[in-house]
Amino acid sequence: MKRFLLFTFLSVLFLSTNASALTSTFSDTCATLSLTGPSVDPGSTYYIEASGRNNLGSFHNASLYIDEHYSGYSSSSVFDPSFTQNFGTFTGAHTFKLTILCGPIHDLSWRFVELTVARKDLKKMAADICTVIKDLPGGAFKNNPEQRKNAFCNKTDEVIRLIEYAEASTDPTAKKQYYQEAIDKLLNDIGAKMDGYLVGGDPKDDWITNEATQRDLYPSVQQLVGELVNLL
């Protein structure tokens, strides 16, 4: 039996929870395959949607692999050449591979497609907060805008160092402690200084006092806090 393997690969890093879903596809005359992943960080639980079609046959036989290991999930039918199925739930960063046996019954061959769900770059998320603050007009601040900008960025630098310590640590307790310190700094030293117009915020200690700026910027702090909480 003639057997050959065609491969397509798409690895995507998603940068925000508003990003569109991750998708990797493959298609030729023998088969069509698609894997769709989450638009959320894999610190949360998520599903993978797999779909495919044997373009040259009356049946399908498909399997899903996670990080090169058979997942135990499969889909098959002797009456239907196509399928769509959700697999999960999953947590964490993984590479998924969907395989299908396709072609006419006497000349079957394999096709597959891969999708990587990767973890967000937490250090970049912290650095991006600094970048946005540096670009704000002076009128967004209570006073001393350049001094405030530098102070904010010093604090985001500290958050980045704490994340680096956590990522480098092999001690689970120490790792969680560093992540918790980063969370505390984000909430108390950064977020608390831009939340006066938000529910539960106190305007008395705000450095950024423009309402529209607070509503645009504070969610970035919340998002990074949420990612770190998932690692505790």
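Computed from heavy atoms alone, side chains included, the values below leave out hydrogens, waters and symmetry copies.
- When the shell of 6.0 Å around OH of Tyr47 is examined, it contains 12 or fewer heavy atoms from other residues, nucleotides or ligands.
- Applying the ring-ring contact (aromatic ring centres under 6.0 Å, His included) rule to Phe59 yields no partners; only residues at least two apart in sequence or on another chain are considered.
- A distance of 8.5 Å separates CG in Leu224 from CD1 in Ile190, rounded to the nearest 0.5 Å.
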Anything under 3.5 Å between a donor and an acceptor, one on a side chain of residues 131-138, the other on a protein residue two or more places apart or in another chain? List them.
unit_1	atom_1	unit_2	atom_2	d
Thr131	OG1	Ala127	O	3.2

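- Separation of the Phe112 and Tyr65 ring centroids does not fall under the 6.0 Å cut-off.
- Within the hydrophobic cluster formed by Ile, Leu, Val, Met, Phe, Trp and Tyr side chains joined at under 4.5 Å, directly or through other members, Tyr197 stands alone, with no partner residue.
- Using a 4.5 Å cut-off on side-chain heavy atoms (C-beta onward), Leu228 and Leu186 make contact.
- You'll find the side chain of Thr89 stays beyond 4.5 Å of the side chain of Tyr46, heavy atoms only.
- Every pair tested for disulfide (SG to SG under 2.5 Å) that includes a residue from residues 167-232 fails, sequence neighbours excluded, so the list is empty.
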Let me have the donor-acceptor pairs involving side chains of residues 153-162, under 3.5 Å, with sequence neighbours excluded, atom names and distances please.
unit_1	atom_1	unit_2	atom_2	d
Asn154	ND2	Asn150	O	3.3
Thr156	OG1	Cys153	O	2.9
Glu158	OE1	Lys185	NZ	2.7

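- Atom NZ of residue Lys176 and atom CD of residue Glu181 lie 15.0 Å apart, to the nearest 0.5 angstrom.
- By the 6.0 Å and 45° rule, Lys193 stacks over the aromatic ring of Trp207.
- Ring-plane geometry between Tyr73 and Phe87 is classed as tilted, the angle between the planes lying from 30 to 60 degrees on a 0 to 90 degree scale.
- No side-chain heavy atom of Glu49 sits under 4.5 Å from any side-chain heavy atom of Leu35.
- When the ring-ring contact (aromatic ring centres under 6.0 Å, His included) test is applied to Tyr218, no partner is found at least two apart in sequence or on another chain.
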